[in-house]
Structure formats: C-alpha cells, structure tokens
Amino acid sequence: MAIKTLYLGSNWEALETLKSLDRDSRFDISAIITQPDKPKGRDQKVIESEIKLYAQEHDIPVFYTRNKEERYSEALDLFKPDLIVCKSFGEIIPGDFLEAPKFKAINIHFSLLPKYRGAVPIQKAILDGETETGISIVKMVAELDAGPILAQFRESIKTDDTNETLRKRLVKRCTDVIGDTLEKWIQGQIKPEEQDDKSATYCWKADISKEKAEINWQEKSAEEIERMVRAFLPWPVAWTAFREKRLKIFKAQLVDNSTMQVNLAPGQFTSQSERLFIGTNSSDKLIQPIEVQLEGKTVMSASEFIRGQEF
RNA sequence: CGCGGGGUAGAGCAGUGGCAGCUCGUCAGGCUCAUAACCUGAAGGUCGUCGGUUCGAAUCCGACCCCCGCAA
C-alpha cells in the first residue's frame, strides 16, 4: 500500500528528488506544495517553474502556502498525507503542520548535520575548504534543520568541485537513497538520533551574494579566493574590478609562484605566454583565471580575453 | 517605457566622416634534432539588419534584431 505523501519543494534539485519518489511505487505523491511563479531575469518575465510543469504533466495537484499558517492547515484537510517530504522548499513551516501526518515530516539537507544548518550548505562547505560533506535525512522540527537524524550519507569534496558539480553528485546520490531510507523509517526500522546542538554551525542565504562574491585581494588568501571561484557558481560568480568594469571569474587555478617569481601586488593583473595571472597577498602564490567574463561581454577563455586587452 | 555596455575576418579586440586594421588561429613555404619557438608569404569582411544624411558612412541620425553587466 503506497504511502500518501505530500511533497514540499521548489527548485531543480527538489524536482529530481520528487521524480524519484513519484516513480517509486511505495509512494503516492498526493500533492505538491511549491513557491508561486515569480518574475525572473532581465525582463522580469514570469517563468513557470519546472516543478509546477512536472506536476501538471503528471496530474499531481499543486498548492501554494505563501508562508501563511492557515494555508498549511488547509493543505492537511485537503490532502490528509501520511508523510511529508521536503527538499529545498524555502518557507518556514509551522511546527504543528510537521507533526500532523502519521509518519511526520522529513527533510533532506545537503550537509552532515549539525554542521551547516541553513540555506547554502554546499557553497559554504566549499568556501570553508571542507574535504567532506553529505546528505542528512532528518525529521523536521520547528527550528530550522535541527531535527533528529534518520540517516546520513557521506560525500567527499574534490579539490576541483564547484557548487554545481558537487550539488549534482549529491542530488544523484539523494535520488538513489531516499526511497529506501523513507521505507525503513515508515517500517519503524530507524531510531532517530538527536543532533548535538552545541556543535551546530549555520549558513545563510546572505552568505552567497554579489557583495560576498567580490574578491578582496588584500584580505583573502590565495586559497580562499580559489575556493570562492568554485563556490559562487552558477551564481553570483566571484568577481573583481578590472579597469572600471566587473570581471567575473568562472574558473581559476592556484599556481605556485616560487619558480616563476612574477612580481605582482595583490589584485594586480599580468599576462605571460597566453596565460593570465593575478597577484595575491602571498608572494609565492598566484591566481590564474581560466575562464572569465568582462561586463558587457560573453564568457571567454583567459587567452581570448588577453588578446583583446593591453597589459 | 527601470539603468548601462556591446555586435568589425574562424576567436578576441582597435578604429568616432576620407584606402578595412591589430593579436591569435588557419593555409603554403623556410629555418630547426625538435617545439606552443622564429622567419617569409597567403587566404579569409555585406563592419548585426533595414532605412536616412553626405561627394563620401564601420563612424552621424532613425527604426528593428541579437548578446551581456546592473537592478529585481
């Protein structure tokens, strides 16, 4: 007998997880709660969300709560779920809503909780130079990402992992494990383990912003700058000022300056045999941008960029 | 009508009324043990599109198309 499941989610990764549950005969997605379509992009056009389109194609009812408490109780009356599953939803959900279904509400979070509670755990883990992160499947409580842990899956962070590549791996892994984990939970084979609140760390949406993506060549170490480049993809993209314009750095590598001995101040540019280098606050390390985009221009390789500039 | 930058050779750019240019790439040849090196030569353009001004427009004016940075 399939479990009547109410799914909460808003973005691409929420959609992938939804698909895997929707295909899984153990679960019956009775409805989806998602964010209403909002104007996006340069022209502020309203783009229909992929998750809404998927729901329409598969005849799954879509419901909007719009952060209103009464809408949550309406949803319970309407769909009477036995289980709530939440991934990347984007609203603070009332506690009693989470407790109502027989099998409660379960959230999927991309970190090894209690580390990196909050909105941007993948980016923050990369920024911090972590070598490992993972997926935590937790029972939801009123406090954000603080509920007892049902299961965790570890994933190593490679030295060239970006927010995009790491996220893709985590989503893939998530779709592989979510069905079995939920089934074990429903069958009472899992004893939730409380988080150690004392070792909790947090990350906020505001940690990933255009402001935070501006490279401060004096303060940040070369290693931190290289991690910024990887963490801020695909948005907002690490950037620096270049001749009165923004230069976004899409890809870069850290290079050892001890053999080359190029003399550059922090943030100063130079080019050498088709390669672009920027000085850091450490004289023996340089940042070598590989792919860049100057304001008003398209993304191009560093060598292409050099050809159009005088150094 | 939110603000702004841009469209010129395959790529990246300069050129703001008077012969269409630069760097890289491509092709041919040379030099070299060899090379992403160096030398010589060549090909490659409807200057986004349409219209206007002018003896003459990549350049000035108008309209439109497309790309991008902000802002949201």
Side-chain angles (χ1 to χ4, degrees), chain A residues 9-15 34-53 64-68 88-92 118-120 123 127 160 162-164 167 203-217 220 225-226 228-262 264 267-279 286-311:
Chain A
S10 301
N11 59 12
W12 164 78
E13 59 196 67
L15 174 61
T34 188
Q35 297 283 323
D37 294 329
K38 287 174 198 156
K40 276 192 163 182
R42 205 188 316 277
D43 305 319
Q44 293 291 284
K45 282 182 207 138
V46 174
I47 311 278
E48 289 189 293
S49 79
E50 291 182 45
I51 209 155
K52 191 179 102 183
L53 293 173
Y64 304 110
T65 45
R66 296 188 161 89
N67 274 312
K68 293 193 175 74
S88 310
F89 179 48
E91 288 185 25
I92 306 293
V120 289
Q123 293 96 320
L127 279 178
D160 62 347
T162 67
N163 175 43
E164 290 175 307
R167 185 175 299 272
C203 54
W204 311 104
K205 226 176 181 171
D207 292 331
I208 304 301
S209 66
K210 287 191 182 169
E211 235 174 45
K212 300 270 184 182
E214 179 173 11
I215 299 169
N216 185 325
W217 298 93
K220 299 281 184 188
I225 291 165
E226 191 274 335
M228 284 174 71
V229 172
R230 291 186 283 123
F232 288 121
L233 291 174
W235 187 91
V237 187
W239 63 278
T240 187
F242 178 79
R243 295 177 188 166
E244 314 281 306
K245 291 193 171 177
R246 276 174 194 241
L247 184 75
K248 291 184 177 179
I249 303 176
F250 281 77
K251 191 175 178 189
Q253 53 186 234
L254 197 59
V255 297
D256 186 2
N257 191 29
S258 55
T259 49
M260 296 196 298
Q261 291 292 328
V262 180
L264 285 175
Q268 192 188 350
F269 285 68
T270 195
S271 76
Q272 199 176 81
S273 50
E274 296 275 305
R275 293 176 300 171
L276 183 63
F277 297 107
I278 308 176
L286 299 173
I287 292 289
Q288 182 190 354
I290 306 295
E291 272 177 31
V292 297
Q293 180 182 28
L294 192 61
E295 181 176 327
K297 298 294 181 182
T298 187
V299 183
M300 64 183 77
S301 70
S303 57
E304 287 169 326
F305 173 74
I306 289 165
R307 263 169 236 144
Q309 303 293 334
E310 307 266 341
F311 284 94

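To find a chain, count down the sequence lines: A is the first, B the second, and so on, and within it residues start at 1. Side-chain atoms are counted along with the backbone in the values below, which use heavy atoms only and exclude waters and symmetry mates. From a predicted model like this one, the values you see are computed outputs, not experimental measurements.
- For A/Glu304, taking side-chain heavy atoms from C-beta onward, the closest of the listed nucleotides B/G69, B/A71, B/A11 is B/A11.
- For A/Asp207, there are no salt bridge (Lys or Arg N to Asp or Glu O under 4.0 Å) partners at least two apart in sequence or on another chain.
- Here A/Trp12 pairs with nothing under the ring pair (Phe, Tyr, Trp, His ring centres under 6.0 Å) rule; sequence neighbours left out.
- Across B/A63 and B/G69, the matching P atoms stand 25 Å from one another, rounded to whole Å.
- In the set B/G69, B/G12, B/C13, the nucleotide with an atom closest to the side chain of A/Thr298 is B/G12.
- Atom P of nucleotide B/C13 and atom CG of A/Leu247 are separated by 12 Å, given to the nearest angstrom.
- As rounded to the nearest Å, B/G15 and B/G29 have P atoms that lie 37 Å from one another.
- When the C1' atom is used for both B/A37 and B/G56, the distance is 46 Å, rounded to whole Å.
- With values rounded to the nearest 0.5 angstrom, A/Met300 atom CE is found 7.0 Å from A/Leu294 atom CG.
- Atoms CE (A/Met300) and C1' (B/C67) sit 11 Å apart, rounded to a whole Å.
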Could you list, one pair per line, each protein nitrogen or oxygen that sits under 3.5 Å from a nitrogen or oxygen of nucleotides 21-24 of chain B, together with the distance?
from	atom 1	to	atom 2	distance (Å)
B/C24	O2'	A/Arg307	NE	3.4
B/C24	O2'	A/Arg307	NH2	3.2

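- For B/C61 and B/U16, the C1' atoms lie 14 Å apart once the distance is rounded to whole Å.
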Considering only distance and modelled atom types, tabulate donor-acceptor pairs under 3.5 Å from the side chains of residues 229-247 of chain A, sequence neighbours left out.
from	atom 1	to	atom 2	distance (Å)
A/Arg230	NE	A/Thr159	O	3.3
A/Arg230	NE	A/Glu226	OE1	3.3
A/Arg230	NE	A/Glu226	OE2	2.9
A/Arg230	NH1	A/Thr159	O	3.2
A/Arg230	NH1	A/Asp161	O	3.0
A/Arg230	NH2	A/Thr159	O	3.4
A/Arg230	NH2	A/Glu226	OE1	3.1
A/Trp239	NE1	A/Lys210	O	2.9
A/Thr240	OG1	A/Trp217	NE1	2.8
A/Arg243	NH1	A/Gln309	OE1	3.4
A/Arg243	NH1	A/Glu310	O	3.1
A/Arg243	NH2	A/Glu310	O	2.6

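- B/G69 atom P lies 11 Å from atom CG of A/Leu294, rounded to whole Å.
- Between A/Gln293 and B/C68 there is no side-chain polar atom (N or O) within less than 4.0 angstrom of OP1 or OP2.
- Going from the C1' atom of B/G21 to that of B/U8 covers 10 Å, rounded to whole Å.
- If you check B/G10 for Watson-Crick or wobble pairing at under 3.5 angstrom, you find it paired to B/C24.
- Between the side chain of A/Glu274 and the main chain of A/Ser303, no donor-acceptor pair closer than 3.5 Å is present.
- For the side-chain contact (heavy atoms from CB on, under 4.5 Å) test, residues two or more places apart in sequence or in another chain that qualify with A/Ala119 are A/Lys205.
- No engagement by A/Gln309 is indicated, since no non-hydrogen atom pair under 4.0 Å with the nucleic acid exists.
- Following rounding to the nearest Å, A/Leu276 (CG) and B/C13 (P) show an atom-to-atom distance of 14 Å.
- A gap of 11 Å separates the P atoms of B/G10 and B/G44, to the nearest Å.
- The separation between A/Phe242 atom CZ and B/G12 atom P is 16 Å, rounded to whole Å.
- When the P atom is compared between B/G18 and B/U59, the two are found 11 Å apart, to the nearest whole Å.
- Contact check, A/Lys245 against B/G6: no side-chain N or O comes under 4.0 Å of OP1 or OP2.
- B/A20 and B/C1 have their C1' atoms separated by 38 Å, with the value rounded to a whole Å.
- A/Ser271 contributes atom OG, which lies 11.0 Å from atom CZ of A/Arg307 (distance to the nearest 0.5 angstrom).
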Query raised in the report: Which is it for A/Lys212 and A/Met228 under the side chain to side chain contact (heavy atoms under 4.5 Å, CB included) test, yes or no, and what are the steps along the way?
Result: CA-CA 9 Å; A/Lys212 300 270 184 182; A/Met228 284 174 71; over 6 Å; no
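- Across every strand in view, B/G29 sits in a pair with B/C39 that passes the Watson-Crick or G-U test at under 3.5 angstrom.
- Taking atom CZ of A/Arg246 as the reference point, atom C1' of B/C70 lies 7 Å away to the nearest angstrom.
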Anything under 3.5 Å between a donor and an acceptor, one on a side chain of residues 248-257 of chain A, the other on a protein residue two or more places apart or in another chain? List them.
from	atom 1	to	atom 2	distance (Å)
A/Asp256	OD1	A/Ser258	N	3.0
A/Asp256	OD1	A/Ser258	OG	2.7
A/Asp256	OD2	A/Ser258	OG	3.0
A/Asn257	OD1	A/Gln261	N	3.2
A/Asn257	OD1	A/Val262	N	2.8
A/Asn257	ND2	A/Val262	O	2.8
A/Asn257	ND2	A/Ser283	O	2.8

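- Per the geometry, CD belonging to A/Glu295 stands 18 Å off P belonging to B/C67, to the nearest Å.
- When distances are taken from the side chain of A/Lys248 to each of B/G6, B/G5, B/C70, the shortest belongs to B/C70.
- In this structure, CG of A/Asp37 is placed 16 Å from C1' of B/A72, rounded to the nearest angstrom.
- Base pairing of B/G4: its partner is B/C68, meeting the Watson-Crick or G-U wobble criterion (both donor-acceptor distances under 3.5 Å).
- For the OP1/OP2 pair of B/C67 and a distance below 4.0 Å, the side-chain nitrogens and oxygens of A/Lys297 include no atom meeting the criterion.
- The base-pairing partner of B/G51, taking Watson-Crick or G-U wobble contacts with both distances under 3.5 Å, is B/C61.
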